[in-house]
Amino acid sequence: MRNPHLRGLACGLLTLTLTAGLAGNALALTGAQSIQADFSDIKVMLDGAYLVLTDANGETVEPFAVNGTTYLPVRAVAGALGLNVEWQADTSTVALTSGGQVTTQTTSIPAKGRTIGMTLQADYSDIKVTLDGALLSLTDANGTVVEPFAVDGTTYLPVRAVSNALGLEVGWDSETSTVVLSSIPFTITGEEAQALVQGNLDELYLGKYDPSYLAMVDVTAEEAEASHLQNILAESEFFSLYWGIVMPENNESFDTMDTTVKNEIIDLITEIYSHAKYTVGTPVEQADGSYLVDVTVSPIDVVTRAAEVYDSGTYAPLNALNAKYTSEVLYSMTQAEYEAYSVEYANVILGLVREQMSSLGYLADQTVTMTISKDANGAFGGNNEDWNAIDTIIIGYPS
């Protein structure tokens, strides 16, 4: 009930601000220079697949960082992005041209890389990089110019700068030390934000799965159905706890309760959810590219009205149950007798709530403002607190 179905990704994924454009040469380093390279098992992912990085001879090469900037072998970058590579020795130029074939292989399980710091000899020979004949100015995330260099005959350059120049998005997953490249923009439109919220609410509460929504969040109808059922189960457990049908202090749990009663609760919650009523407002774009989306919820009133009847002391089945099971009787029960009593009590509560279904209505509208964005792997996201706020008012429970 508290966890809406979203395309999450690993925590710690940071969007990088990149700068790469067309410019003339800055003051260049020349000759051999010692650099401190940090190998930290850095992996590279493009559109969800890990890249297998190799040099011109097919030998495995690993990314490394120098002063916080990640460097990749130019041929591997080109192979991943479908670029042709030519070394023009007379001008020390790495010439990249578009229109080639993707040659870098991918894998679902990347090989374990080294974790070590070491000194390398980098050959700075005023190496330039062009893309389709235009000279690239390569800069790091801070806008500082960085230069390509060669190590053991392999030319390296900052992957972020080149990727940005080619129109790819770049992110960094700190939990897995992965450079995340994406051909999908990290931006989100207002229409997408609205469709995401509408689709997610329909999935969770109504069990409806619009094909365009499923395609947007990249889930199957079966996965969406599983999310809907999980939400019903969570709400059913909360319902059981609220009414004291399940009492953890008596070592009771929703998972181990009477199967027939559990299924009846699930069926009741499914029916209540089918009446969920909400309106998704027009998204409002924010300065950071995210959107605020107002969701107006009309809380279903059946539990609130049932609680009022319960508290009034006028519900005959409940009074009869209490008369049958006095405190003296309850304290002298065997375990089997107590379990039978628990089933009787659950059925009284289910009957009470079901009686309210014939005149189902709604409490006063409540509005929750949600923040919707797209993260650094092109996945849609929202604040869990926002989703939880909606979840707590879909069905009105008295405080």
Side-chain angles (χ1 to χ4, degrees), residues 1-3 204-207 228-278 297-366 388-399:
M1 181 177 74
R2 303 293 180 231
N3 297 301
L204 291 174
Y205 302 110
L206 302 181
H228 174 60
L229 293 176
Q230 181 182 20
N231 203 47
I232 288 173
L233 289 174
E235 184 73 56
S236 298
E237 182 174 9
F238 183 81
F239 178 93
S240 302
L241 291 167
Y242 175 81
W243 287 107
I245 296 172
V246 168
M247 301 184 69
E249 60 270 28
N250 292 339
N251 295 319
E252 299 171 355
S253 72
F254 181 73
D255 291 336
T256 59
M257 71 187 300
D258 180 84
T259 302
T260 300
V261 171
K262 179 195 289 189
N263 290 336
E264 290 182 1
I265 293 172
I266 291 171
D267 289 343
L268 176 60
I269 294 301
T270 302
E271 184 181 356
I272 295 174
Y273 266 180
S274 71
H275 296 278
K277 185 178 178 182
Y278 41 81
V297 177
S298 302
I300 301 169
D301 69 354
V302 291
V303 173
T304 296
R305 289 195 291 107
E308 291 172 352
V309 174
Y310 182 101
D311 292 337
S312 72
T314 62
Y315 190 56
L318 180 61
N319 292 337
L321 183 72
N322 290 335
K324 178 180 178 180
Y325 294 99
T326 63
S327 297
E328 187 175 302
V329 172
L330 289 172
Y331 284 121
S332 63
M333 282 181 174
T334 65
Q335 181 62 32
E337 289 171 336
Y338 179 78
E339 290 174 359
Y341 159 72
S342 297
V343 170
E344 286 188 58
Y345 173 74
N347 286 328
V348 168
I349 295 302
L350 286 167
L352 172 60
V353 177
R354 285 196 190 98
E355 288 183 14
Q356 316 309 313
M357 294 296 293
S358 61
S359 56
L360 181 145
Y362 299 91
L363 304 174
D365 288 352
Q366 298 185 48
N388 288 345
I390 292 176
D391 202 52
T392 59
I393 60 177
I394 284 288
I395 298 176
Y397 286 87
S399 57

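All values below were derived from every heavy atom in this structure, side-chain atoms included, with hydrogens, water molecules and symmetry-related copies excluded. Residue numbers run from 1 in the order of the sequence given. Since we're looking at a predicted model, the values are computed, not measured.
Taken from CD1 in I232 to CD1 in I269, the straight-line distance is 8.5 Å, to the nearest 0.5 Å. Going from atom CD1 of I349 over to atom CD1 of I265 covers 10.0 Å, rounded to the nearest 0.5 Å.
Residues satisfying the side-chain hydrogen bond (donor to acceptor under 3.5 Å, both in side chains) criterion with S240, sequence neighbours excluded, are absent altogether. Residues forming a side-chain contact (heavy atoms from CB on, under 4.5 Å) with L206 (at least two apart in sequence, or on another chain): D202, K208, A276, Y278. Scored by the side-chain hydrogen bond (donor to acceptor under 3.5 Å, both in side chains) test, S312 finds T314 as partners (sequence neighbours excluded). Partners of Y345 according to the ring-ring contact (aromatic ring centres under 6.0 Å, His included) rule, which considers only residues two or more places apart in sequence or in another chain, do not exist here. Remark: D255 pairs with no residue by the side-chain hydrogen bond (donor to acceptor under 3.5 Å, both in side chains) rule, at least two apart or across chains. Under the side-chain hydrogen bond (donor to acceptor under 3.5 Å, both in side chains) criterion, Y310 pairs with no residue, sequence neighbours left out. Legend: residues meeting ring-ring contact (aromatic ring centres under 6.0 Å, His included) with Y362, ordered by chain and number and at least two apart, are absent.
The aromatic rings of Y205 and Y273 sit perpendicular to each other, their planes meeting at more than 60°, with 30° as the lower class boundary.
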*asked:* Working note: T304 + E308, criterion side chain to side chain contact (heavy atoms under 4.5 Å, CB included); need CA distance, chi angles, decisive distance, verdict.
replied: CA-CA 6 Å; T304 296; E308 291 172 352; 3.9 Å; yes
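Sequence neighbours left out, the pairs with a member in residues 256-269 that pass side chain to side chain donor-acceptor pair (under 3.5 Å) are S253-T256. For residues 312-337, the pairs satisfying salt bridge (Lys or Arg N to Asp or Glu O under 4.0 Å) are K324-E344, with sequence neighbours left out. Every pair tested for salt bridge (Lys or Arg N to Asp or Glu O under 4.0 Å) that includes a residue from residues 244-254 fails, sequence neighbours excluded, so the list is empty.
Taking 4.5 Å as the limit, every side-chain heavy atom of N347 sits out of range of all side-chain heavy atoms of P317.
Between the side chain of N319 and the backbone N or O of G313, at least one donor-acceptor pair lies under 3.5 Å.
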Would you mind writing out the side-chain donor-acceptor pairs for residues 351-361 within the sub-3.5 Å range, not counting sequence neighbours?
residue : atom : partner : partner atom : Å
E355    : OE2  : Y315    : OH           : 3.1
Q356    : OE1  : R305    : NH1          : 2.9
Q356    : NE2  : L352    : O            : 3.0
S358    : OG   : E355    : O            : 3.3
S359    : OG   : R305    : NH1          : 3.3
S359    : OG   : R305    : NH2          : 3.3

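For the ring pair (Phe, Tyr, Trp, His ring centres under 6.0 Å) with Y325, the lone residue among Y338, Y341, Y331 that qualifies is Y341.
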